Amino acid sequence: MADCLVVLVPGAEQPSRSELAAVGFGRQVAEQLGGHCDVLLLGPQASACGQAVAAYGIGKALVADHPDLAQPTGEALAAAIAHVASAADYRLIAASATTIARDCFPRAAARLKAPMASDVVEIGQCSADVLRFTKPCFSGNLLEELELHGSTALATCRASAFEPPAASDASADVQTIQLPEKLAHPRKRFVEAKRTPLERPELTEADVVVSGGRGTKGDFTPLEELADVLGAAIGASRAVVDAGWLPNDFQVGQTGKVVAPKLYIACGISGAIQHLAGMRNSKVIVAINKDPNAPIFEVADYGLVADLFDAVPKLTAAFRAARQEQGAAS
Amino acid sequence: MKILATIKRTPQRDTRMKLTADGELITDQVQYEVNPFDELAVEEALRIRDKVGGEVVALSVGSAAASEQLQTALAMGADRALRVEFENGLDPLQIATALADAIRRESPDLVLCGKLAIDDENGQVPLMVAELLDWPHASFASKVELDADAKKAQVTCEVDGGLEVVEIELPGVITTDLRLNEPRYASLPGILRAKKKPSDVIAGSEIADMPEPALRVTGYRQLPPREQGEIVESAEELAEKLIAKNLV
Ligand SMILES: Cc1cc2nc3c(=O)[nH]c(=O)nc-3n(C[C@H](O)[C@H](O)[C@H](O)COP(=O)(O)OP(=O)(O)OC[C@H]3O[C@@H](n4cnc5c(N)ncnc54)[C@H](O)[C@@H]3O)c2cc1C
């Protein structure tokens, strides 16, 4: 009743920052409840990643692979999660709010007849009877306080709102578990994945994000040059993705990715509430926009009213010069 | 092909919702519309019907106020509206239970839902419906290719790393993402015709196996304010400030 279970569907042998943030979230709730935080790892990388995750102060790692998890569908993941949850007594089952989790957690919740919280950003007072969480609502414009009743609940958390726990030398048990013979839905078939090749740091994991909007008119060259100097990820507004200038997974906002880098540089982005929903928790926000009345300036720490095609190359040149100076001095 | 599109009444998409000093939502000046993602669901349903024939039913769980949004769906071209009568404030599993019950009565081939409602932003109901019905689902659709004869849908889904294509055999649930289509506006003749289209109500008490509420919204809060920023005069000044702060 006091334990939590964090679910990972690892894509690599080492856990990502967002996966570890979910472990951090689960551990914080478990600490309040006086229990452990176990981690369930599903899929082909489960075993290797389980060994790595075991160092992060968890109760134990449960690892499982299964033919139906080679290219996992939401149905198969939900069946696996519900299977593990019904055999144990977890108060909370949690994951980072990735598209994978959003594609299986609600199904698992319905299967377990348990309530679910989406996109948690803060943990309130939790007890065996009630879990209290805070999440954004109304296009990220307000926060909603929730109570989850019952004996089990599910939650996805916003990775940028939680810290990965520190690794230790002590390593938890890694146990291989059995899953039911059939996990996949008989009427669902995975056809293919069209992954966007990663040429820069992953958007949600980068320290610096250079983001472009309709103001770029589809020409991202100046932004890419700036990103290269800064080692930054590239982001975009919905307008950019709708126009087909960049693939869907570059979109920042309510319907895209939520980022909170140390530095977010918005170029030619007006600052619609749906865009702000995805970046307003960045530590420092820079806005470059021609229109002095653009709403993006309301959240910007540094605003520059300018044509981005003039300002961004100057910024790049200034950073490059500073780098060279540093290089020469050291 | 019988297609059902689910609809939620939500504040107009660019509304900046505000709170009273006591933390109550201020709703008197708020305009409502069909949740933008549900509007995409209605549009897709209409396009499929217009191609392969059949019927589009707009379905909502809510109070009488939601009739206004069902009328919008009818004015866009849906054939029929159905509302399960409940006061607002049900939790997602309760809403899914009501929807699943209504869907069983209608037995459509396909249910289209918005991937998210822009008020609570839970994004849970469609997949809960699919699970309660034991139907397959496809989430975050940016393209739906329907084979009406084979009763299959191939769906392109917008996921974190790019795109994924899945196939479901119908009946199934598909959730819509922004790039699926561009919803039409209701035309004046459409609005006039909508008034004559059938609209039914199912009483909440008729819904079977309604669970107890388990997710409660207990209050709202403002976002923590950001510090007032400054306007800089040039790119060079901006670069200096960011370097001085060790940000780059
Ligand atoms: C349900 C829903 C969900 C949504 N989800 C998202 C989301 O997840 N993410 C998102 O971003 N949007 C989202 N949107 C869309 C959002 O409402 C805006 O339409 C979108 O963010 C606008 O993109 P933009 O700022 O690039 O374009 P615009 O609003 O057109 O702004 C372009 C800006 O560029 C400036 N500009 C033009 N030329 C230059 C130049 N040469 N130099 C400098 N500045 C220039 C202009 O002054 C203007 O401010 C959503 C909308 C809805 C309804």
Side-chain angles (χ1 to χ4, degrees), chain A residues 73-75 78 98-99 102-103 106-107 109-111 113 115-119 136-139 141-150 185 187-196 230 238 242 247-249 255 262-263 273 284 286 299-306 311 314-315 318-319 322, chain B residues 11 14 16-17 19 91-93 96 118-124 127-128 130-132 136-137 139-140 142 154 158-169 172 177-179 211 214-223 226-227 229-232 235-236 238-239 241-243 245 247-248:
Chain A
T73 58
E75 288 86 340
T98 59
T99 49
R102 286 190 261 153
D103 188 45
R107 268 199 101 112
R111 210 174 246 237
K113 301 275 181 279
M116 170 174 167
S118 303
D119 225 11
C137 63
F138 293 108
S139 308
N141 227 19
L142 290 176
L143 294 170
E144 195 172 79
E145 291 172 345
L146 299 176
E147 283 185 7
L148 289 83
H149 296 263
H185 195 286
R187 294 193 281 117
K188 166 98 164 249
R189 194 168 69 85
F190 176 88
V191 179
E192 62 174 324
K194 301 176 182 171
R195 306 250 169 264
T196 309
L230 300 178
R238 174 190 171 183
D242 281 3
N248 62 287
D249 49 323
T255 356
K262 294 201 181 92
L263 177 62
I273 57 169
V284 172
V286 170
V299 299
D301 299 284
Y302 300 102
L304 176 60
V305 180
K314 285 186 182 154
L315 208 52
F319 291 145
Chain B
D14 294 318
R16 293 193 181 205
M17 294 296 287
L19 299 179
D91 78 11
L93 191 55
I118 62 162
D119 49 3
D120 286 317
E121 300 191 281
N122 285 324
Q124 299 175 14
L127 268 57
M128 287 179 165
E131 179 63 32
L132 293 174
H137 75 263
S139 299
F140 329 124
S142 63
Q154 203 169 81
E158 292 200 352
V159 298
D160 285 343
L163 298 171
E164 245 173 48
V165 183
V166 297
E167 186 179 82
I168 57 172
E169 282 173 48
D177 217 321
L178 287 175
R179 279 165 282 280
L215 179 73
R216 290 196 199 126
V217 178
T218 53
Y220 294 98
R221 265 193 287 140
Q222 306 280 4
L223 301 174
R226 285 191 74 93
E227 263 176 54
E230 59 174 303
I231 294 290
V232 295
E236 290 76 9
L238 178 56
K241 294 215 147 132
L242 296 178
I243 292 167
K245 286 222 152 186
L247 283 162
V248 294

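From a predicted model like this one, the values you see are computed outputs, not experimental measurements. We use all heavy atoms of the structure for the numbers below, so side chains are in, but hydrogens, waters and symmetry mates are not. Proteins get letters first, then strands, A, B, ... in listed order; numbering begins at 1 in each.
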Of the backbone (N, CA, C, O) and the side chain (C-beta and beyond), which part of [X] lies under 4.5 Å from a heavy atom of chain A, both, or neither?
| X | answer |
| --- | --- |
| B:Glu230 | both |
| B:Leu178 | both |
| B:Phe140 | side chain |
| B:Pro11 | side chain |
| B:Ala130 | both |

Shorter than 4.5 Å, heavy atoms on both sides: which option in [options] has the most such pairs with chain B?
| options | value |
| --- | --- |
| A:Glu147, A:Arg107, A:Met116, A:Arg195 | A:Arg107 |
| A:Ala110, A:Pro115, A:Gly303 | A:Gly303 |
| A:Glu145, A:His149, A:Arg238, A:Lys194 | A:Glu145 |
| A:Thr196, A:Leu304, A:Val286, A:Leu315 | A:Leu304 |
| A:Glu192, A:Lys314, A:Lys113 | A:Glu192 |

Chain A contacts, top residue of [options] (heavy-atom pairs, under 4.5 Å):
| options | value |
| --- | --- |
| B:Asp120, B:Ile243, B:Asp14 | B:Asp120 |
| B:Ile231, B:Ile168, B:Val159, B:Asp119 | B:Asp119 |
| B:Gly123, B:Ser142, B:Gly161 | B:Gly161 |
| B:Gly229, B:Ala239, B:Gly219 | B:Gly219 |
| B:Arg216, B:Lys245, B:Gln154 | B:Arg216 |
| B:Leu127, B:Asp177, B:Leu242 | B:Leu127 |

>> Quick test of your reading of the model: are B:Glu169 and A:Lys188 salt-bridged, counting only N-O distances below 4.0 Å?
In response: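 Salt bridge flag = no for A:Lys188 with B:Glu169.
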Test your reading of the model: is there a side-chain donor-acceptor pair from [X] to the backbone of [Y], 3.5 Å cut-off?
| X | Y | answer |
| --- | --- | --- |
| A:Glu75 | B:His137 | yes |
| B:Asn122 | A:Ala117 | no |
| B:Arg226 | A:Val299 | yes |

With rounding to the nearest 0.5 angstrom, report the [atom1] to [atom2] distance, [X] to [Y].
| X | Y | atom1 | atom2 | value |
| --- | --- | --- | --- | --- |
| A:Thr255 | B:Glu158 | OG1 | CD | 9.0 Å |
| B:Glu167 | A:Thr73 | CD | OG1 | 13.0 Å |
| B:Leu132 | A:Arg111 | CG | CZ | 11.0 Å |
| B:Leu19 | A:Phe138 | CG | CZ | 9.0 Å |

Where does [X] contact chain B at under 4.5 Å (heavy atoms): side chain, backbone, both or neither?
| X | result |
| --- | --- |
| A:Ala193 | both |
| A:Asp119 | neither |
| A:His185 | side chain |
| A:Leu230 | side chain |
| A:Leu263 | side chain |

Which atom of [X] lies closest to which atom of [Y], heavy atoms considered:
| X | Y | value |
| --- | --- | --- |
| A:Lys262 | B:Leu247 | O-CD2, 4.0 Å |
| B:Met17 | A:Asn141 | N-ND2, 3.5 Å |
| B:Arg179 | A:Asn248 | NH2-CB, 4.0 Å |
| A:Phe190 | B:Val166 | CA-CG1, 4.4 Å |
| A:Ser139 | B:Glu121 | N-OE1, 3.3 Å |

> Would A:Leu143 and B:Leu223 count as a side-chain contact (heavy atoms from CB on, under 4.5 Å) if you check the C-alpha gap in whole Å, the side-chain angles of each, and the deciding distance to 0.1 Å?
Replying inline: CA-CA 6 Å; A:Leu143 294 170; B:Leu223 301 174; 3.8 Å; yes
>> Ignoring hydrogens and geometry beyond distance, is a side-chain donor-acceptor pair present between B:Asp160 and A:Thr98 at under 3.5 Å?
In response: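 There is no such pair (donor and acceptor under 3.5 Å, judged by atom type) between the side chains of B:Asp160 and A:Thr98.
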